[in-house]
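Structure first, commentary second.
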There are 2 protein chains.
Amino acid sequence: MTDSRLSVERADSRRIMLAHTLRKAPIFSGIRADALETLALGCSLRQVDKGGYLFHAGTAADGFFVVHAGAINVHRVTEDGREQVIRVFYPGESLGEVVIAGNHAYPASAKATENSQVILVPTEFFRARIKADPDLALCILASMSQHLRFLVETIEDLKLKQAESRVAQWLLRQLRSAGQDPDGVSAFDLPLAKHLLASQLGITSETLSRVFARLRAAELLAVEGKHLRFPDTAGLQAFLERAEA
Amino acid sequence: MTDSRLSVERADSRRIMLAHTLRKAPIFSGIRADALETLALGCSLRQVDKGGYLFHAGTAADGFFVVHAGAINVHRVTEDGREQVIRVFYPGESLGEVVIAGNHAYPASAKATENSQVILVPTEFFRARIKADPDLALCILASMSQHLRFLVETIEDLKLKQAESRVAQWLLRQLRSAGQDPDGVSAFDLPLAKHLLASQLGITSETLSRVFARLRAAELLAVEGKHLRFPDTAGLQAFLERAEA
DNA sequence: TCGAATGGTTGACCGGGGTCAAGAAACCAG
DNA sequence: CTGGTTTCTTGACCCCGGTCAACCATTCGA
C-alpha cells in the first residue's frame with residue numbers, strides 16, 4: 001500500500017509545515033509546540049491569486065486566517081464601488097479573528113494584493129480547541145486587542161491629521177519597524193502599490209504623489225520606483241512635528 | 001457587634017446590586033447567575049462626576065468598565081488639544097476590555113459626560129476568573145468583536161461618506177434603537193450635547209447645525225432643544241439613500 | 001515588436017467642510 | 001430680573017484634498 005503510505009507522509013509534512021508557520025505567527029506565540037501541531041491538524045492552506053478574494057464583507061464566516069506568504073488587503077466597499085483600505089496584512093499576521101465570537105459575518109472584505117498563501121483556521125474547529133485549551137482564547141483576545149488599538153489610532157488620524165502628517169508618520173513607522181537606525185541615513189522598499197498605501201492612509205493616489213513631491217523638494221525623501229531613501233530622518237521627524245495638527 | 005453585621009449587610013446588598021447590573025450588561029448575557037455573583041465580589045462601583053476622567057490614553061490599566069448610570073465619552077486627544085470622540089457608552093455597555101489581554105495601557109481616554117456610575121472589573125481579578133470559567137473569555141471576545149465592527153464601520157463612514165449622510169444615518173439608527181416604528185411619525189431626545197455628537201460623527205458642531213438646518217428646511221426634522229421630531233422618517237430614509245456616497 | 005493595460009505624476013479646477021467671529025438662546029446663581 | 005456662562009446657530013471666508021484629464025513609464029501578452 002504504497003499509495004496510502006505516500007498520502008500519510010504528505011499529510012504529515014503538510015501538518016509540520018502548517019505548524020511551522022503558525023508558530024511564527026505572533027498570535028500563537030504563547031502556545032506550546034504540541035498544542036500547535038494539534039491545531040494545525042484542523043487547518044488548511046489556501047492559495048489565493050493576486051486580486052482573488054478570501055472573503056467578502058457580510059458573507060458567512062469560514063474561520064480566521066494567518067498569512068503565510070503574500071499580502072492581504074482588508075477593506076470596505078461602498079455601494080457605489082469606492083474602497084477604503086482598513087489595513088494590509090503580511091506574513092505572520094492574522095485577520096478575521098472577529099468571527100470566532102458569535103455567528104456573525106465578516107465586517108470587511110479581504111483580497112490578495114499579490115499571489116498569497118493563507119492558513120484557514122475554521123471557526124467550529126477552533127471553538128472546540130478553545131474548550132480543550134482556554135489559552136487559545138487569550139491568544140485571540142490579545143490579537144483582537146492589537147487590531148482594536150490599530151483601528152482607534154486610524155480613526156484619530158483620519159479626522160485629526162492632514163495628509164502630510166499621515167504620510168510622514170507612516171514613513172517614520174516603517175523606518176522604525178524596518179529596524180533602521182532612526183537618526184541616520186536609511187531606506188526601504190514599499191511593500192505595496194502606492195495607490196493602496198494612499199487608500200490605507202485615507203487619501204487618493206494623486207495626493208500621495210503630491211506629498212511625496214513636496215517631501216522630495218524639502219530633500220527629506222528620494223523616490224526611485226518602490227525604493228525610498230531618507231537622507232534626513234531627523235528632518236522628517238521635525239517636519240512631522242511641525243505638520244502635526 | 002452591630003457594626004460588623006451592618007457592614008456585612010452593606011457589602012451583601014452592594015454585591016447584589018453589582019450582580020444585578022452586570023446581569024443586564026449584554027457582555028455577560030451568557031453567564032450563569034451564581035458565576036456573576038462571584039464575579040461581582042471582585043468588582044467595585046465608581047462614582048464619576050460630569051467631566052471627570054475614568055482613565056487617560058496611555059495610562060496603566062486598572063481593568064475594564066461596565067456603565068451603570070450616566071454616559072461615558074471615549075475619545076482621543078491630539079497634542080494640540082483637539083478631540084475625536086470614538087464612541088459614547090451608555091448604561092449596560094462595557095468599555096476598555098482591551099486591557100484584559102496583555103499589560104498594555106488604554107488606547108484612548110474616557111470621561112463622563114454626565115454624573116455617572118461605573119463598575120470596575122479589575123484586570124488581574126478578571127484574568128483569574130477566566131481560568132476558573134473560560135466562558136468569561138468568550139464574553140470578552142464577543143464584546144470586543146462588537147467594538148471592532150463598530151470601529152471598522154466608523155472608519156468607512158469617516159472617509160467615504162459626507163457629513164449629511166453620517167448625520168442622517170445616525171438619526172435613523174437612533175430611531176430604530178429607540179424602538180420606534182420606522183415608518184411613522186416619531187421622535188426622541190438627544191442623549192448627548194450636540195458638540196459631542198458632532199465630534200463622534202467626525203464633524204464640527206457648526207457643520208452639524210447646518211445639516212440640521214437643511215433637514216429642517218426639507219421638513220424631515222424638527223429641533224426643539226434636545227428634542228428631535230421626525231415628521232417623515234420615510235423621507236429621511238430616502239434622503240439618506242440619495243445622499244449616500 | 002508593438003499595442004494595451006496598469007501604475008504613477010502633474011496641472012487645473014472646485015466644493016465640502018473647517019475656521020473665525022458675531023449673535024441668539026438657554027441655563028444658571030445671585 | 002439680571003448679568004455671566006455655556007451651548008447653539010448663522011454668516012463670511014478660505015484651504016485641503018478630491019475629481020477630471022492629459023501625459024509618462026513599465027509591464028505583459030500576442
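Chain letters run A, B, ... following the sequence lines, proteins first and then strands; every chain starts at 1.
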>> Under a 3.5 Å threshold, yes or no: a donor from one side chain and an acceptor from the other, between Ser199(B) and Glu83(B)?
In response: no

>> Rounded to whole Å, how long is the line connecting atom CD of Glu114(A) with atom P of dG7(C)?
In response: 13 Å

>> Please report whether the ring centroid of Phe55(A) lies less than 6.0 Å from that of Phe65(A).
In response: yes

>> Distance check needed: dG8(C) P versus Leu228(A) CG, whole Å only.
In response: 12 Å

> For nucleotides 23-30 of chain D, read 5' to 3', which letter fits each nucleotide if B means a protein heavy atom sits under 4.0 Å from the base, S means only the sugar-phosphate is that close, and - means neither?
Replying inline: --------

>> If I compare all heavy atoms of Pro231(A) with all of Glu219(A), which pair ends up nearest, and what's the gap?
In response: CG-O, 4.0 Å

>> In whole Å, I'd like the distance from the NZ atom of Lys159(A) to the P atom of dG17(D).
In response: 11 Å

> What are the two closest heavy atoms between Phe188(A) and Leu175(A), and how far apart are they?
Replying inline: CD2-CD2, 3.8 Å

>> I need the residues from residues 203-218 of chain B with at least one non-hydrogen atom less than 4.0 Å from DNA chain C; give them sorted by number, or say none.
In response: Ile203(B), Thr204(B), Glu206(B), Thr207(B), Arg210(B)

> Can you check side chain to side chain contact (heavy atoms under 4.5 Å, CB included) on Leu228(A) and Gln174(A), steps first, answer last?
Replying inline: CA-CA 11 Å; Leu228(A) 306 183; Gln174(A) 288 302 113; over 6 Å; no

> Can you check the Arg82(A) CZ to dG18(D) P distance for me, whole Å?
Replying inline: 11 Å

> Using a cut-off of 4.0 Å on non-hydrogen atoms, how would the nucleic acid contact of Gly202(A) be classed: base, sugar-phosphate, or nothing?
Replying inline: sugar-phosphate

>> Give me the atom names and distance for the closest heavy-atom approach of Ala71(A) to Ser116(A).
In response: N-OG, 3.1 Å

>> Looking at every heavy atom in both Leu120(A) and Pro122(A), which two are closest together, and how far apart are they?
In response: O-CD, 3.4 Å

> Can you tell me how far the CG atom of Asn73(B) sits from the CG atom of Leu54(B), to the nearest 0.5 Å?
Replying inline: 10.5 Å

>> I need the CD-P distance between Glu83(A) and dG18(D), as an integer number of Å.
In response: 16 Å

> Is the number of heavy atoms from other residues, nucleotides or ligands within 6.0 Å of NZ (Lys226(A)) greater than 12?
Replying inline: yes

> Just to confirm, is there a sub-4.0 Å distance from OP1 or OP2 of dA26(C) to any side-chain nitrogen or oxygen of Lys226(B)?
Replying inline: no

> dG17(D), dG16(C), dC8(D): which one has an atom nearest the side-chain heavy atoms of Gln162(B)?
Replying inline: dG16(C)

> dG16(C) C1' sits how many Å from Asp157(B) CG, rounded?
Replying inline: 17 Å

> Between Lys50(B) (NZ) and dC27(C) (C1'), how many Å, whole number?
Replying inline: 11 Å

> Once you round it to whole Å, what is the distance between P of dG16(C) and NZ of Lys161(B)?
Replying inline: 18 Å

